[in-house]
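A short write-up of the structure that comes next.
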Amino acid sequence: MSEGPRKQKYSATRRLLLKSKLLKKAASMLVAEGEQKKEEKQRAVNESFPPLMLSGLSVQELQDLCKELHRKIDVVDETRYDMELKVVKNDMEIQTLTQKIIELKGVKRPSLKRVKKTTDDMLGAYTDSTKLMKADFKANLKTVKKDEEKREEVTDWRKNVEAMSGMEGRKKLFNAAQ
């Protein structure tokens, strides 16, 4: 039997419809679960502490009731503190166990990538002279020659005007242009 491309059991629209129905059902179940937790909490509080009937009690009875409530609060605080310590202890134990697991597994080494190097690079890496040459970056730079523009010396302009005046000055300009 040849295994070709498998035909999907459901179309895309059918899958989308099923997915949306599942999400709606899950949302309604979450809401129902939240309400159930609230009711259970209220029931536990009502069992532990019934509603107080304060009407018609004398001052001495009210003081006795307050003392009784303080004792109950102390008991609840002690149990809460004990539970918190147990949770912290368990968390610490979980952390130590996960660290032991990591130590037993060992550290995964990442796969190294191949680096292309020439033989000159490989051999030159071990000699001191090449390290010095590589460290001296300016030695490997090309020198650039700048063409210095011909600058005319600044002379007294009066002498220049006198030299250029007359036919001799025009002749010099004509010869310079050619």
Side-chain angles (χ1 to χ4, degrees), residues 1-55 57 59-142:
M1 291 185 192
S2 65
E3 291 185 27
R6 293 176 48 189
K7 186 176 179 182
Q8 294 180 349
K9 294 182 181 180
Y10 301 110
S11 65
T13 56
R14 177 73 176 158
R15 280 185 279 150
L16 185 62
L17 179 68
L18 289 173
K19 184 178 180 180
S20 64
K21 285 185 177 182
L22 283 172
L23 288 174
K24 285 180 183 177
K25 181 67 176 175
S28 65
M29 288 175 69
L30 281 174
V31 170
E33 185 179 339
E35 290 175 1
Q36 184 181 4
K37 283 183 179 182
K38 284 181 183 177
E39 290 173 4
E40 186 177 331
K41 183 178 180 180
Q42 187 64 35
R43 185 179 48 79
V45 168
N46 288 338
E47 283 178 8
S48 300
F49 302 103
L52 298 174
M53 299 294 179
L54 300 177
S55 60
L57 294 177
V59 175
Q60 184 62 34
E61 291 173 340
L62 285 174
Q63 288 177 349
D64 292 339
L65 181 62
C66 286
K67 289 178 184 178
E68 182 65 29
L69 288 175
H70 279 291
R71 273 188 250 120
K72 286 183 179 180
I73 289 171
D74 289 340
V75 170
V76 169
D77 279 342
E78 286 177 8
T79 56
R80 181 183 55 83
Y81 181 74
D82 291 341
M83 286 184 186
E84 284 180 3
L85 284 179
K86 286 181 183 178
V87 169
V88 169
K89 183 180 176 184
N90 287 339
D91 286 343
M92 293 294 289
E93 187 175 344
I94 288 170
Q95 283 181 342
T96 56
L97 290 175
T98 52
Q99 286 178 351
K100 285 182 181 179
I101 289 172
I102 290 171
E103 288 174 1
L104 289 175
K105 283 184 180 178
V107 179
K108 286 187 177 180
R109 292 183 181 168
S111 59
L112 299 176
K113 293 182 180 178
R114 186 160 225 168
V115 178
K116 293 182 180 179
K117 279 192 169 184
T118 62
T119 55
D120 293 335
D121 290 339
M122 293 175 73
L123 293 174
Y126 298 110
T127 61
D128 293 332
S129 62
T130 56
K131 287 182 183 177
L132 293 174
M133 290 174 60
K134 288 181 181 178
D136 188 17
F137 296 114
K138 291 182 181 178
N140 295 333
L141 295 176
K142 293 181 180 178

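When a residue number appears, it is its place in the shown sequence, counting from 1.
Atoms NZ and CG, on Lys19 and Leu23 in that order, are 6.5 Å from each other to the nearest 0.5 Å. For the atom pair OG1 of Thr96 and CD1 of Ile101, the computed distance is 9.5 Å after rounding to the nearest 0.5 Å. Atom CD1 of Ile94 and atom CD of Gln99 lie 12.5 Å apart (nearest 0.5 Å).
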Legend entry - Full working for side-chain contact (heavy atoms from CB on, under 4.5 Å) between Asp64 and Gln60: CA-CA 6 Å; Asp64 292 339; Gln60 184 62 34; 3.5 Å; yes
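For Leu17 against Ser20, the heavy-atom pair with the smallest separation is O-OG, 2.7 Å.
By the side-chain contact (heavy atoms from CB on, under 4.5 Å) test, Leu16 is found to be paired with no residue, residues two or more places apart in sequence or in another chain being considered. Remark: Leu22 pairs with no residue by the side-chain contact (heavy atoms from CB on, under 4.5 Å) rule, at least two apart or across chains. Residues forming a salt bridge (charged side-chain N to carboxylate O under 4.0 Å, His left out) with Glu103 (at least two apart in sequence, or on another chain): none. Partners of Tyr10 by side-chain contact (heavy atoms from CB on, under 4.5 Å), not counting sequence neighbours, listed by chain and number: Arg14, Arg15.
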Got a list of side-chain donor-acceptor pairs under 3.5 Å for residues 24-43, not counting sequence neighbours?
| unit_1 | atom_1 | unit_2 | atom_2 | d |
| --- | --- | --- | --- | --- |
| Ser28 | OG | Lys24 | O | 3.4 |
| Ser28 | OG | Lys25 | O | 2.8 |
| Arg43 | NH1 | Glu47 | OE2 | 3.2 |

Identify every side-chain donor-acceptor pair in residues 78-92 under 3.5 Å, counting partners at least two apart or on other chains, and give the distances.
| unit_1 | atom_1 | unit_2 | atom_2 | d |
| --- | --- | --- | --- | --- |
| Thr79 | OG1 | Val75 | O | 3.3 |
| Thr79 | OG1 | Val76 | O | 2.7 |
| Arg80 | NH1 | Glu84 | OE2 | 3.0 |
| Asn90 | ND2 | Lys86 | O | 3.3 |

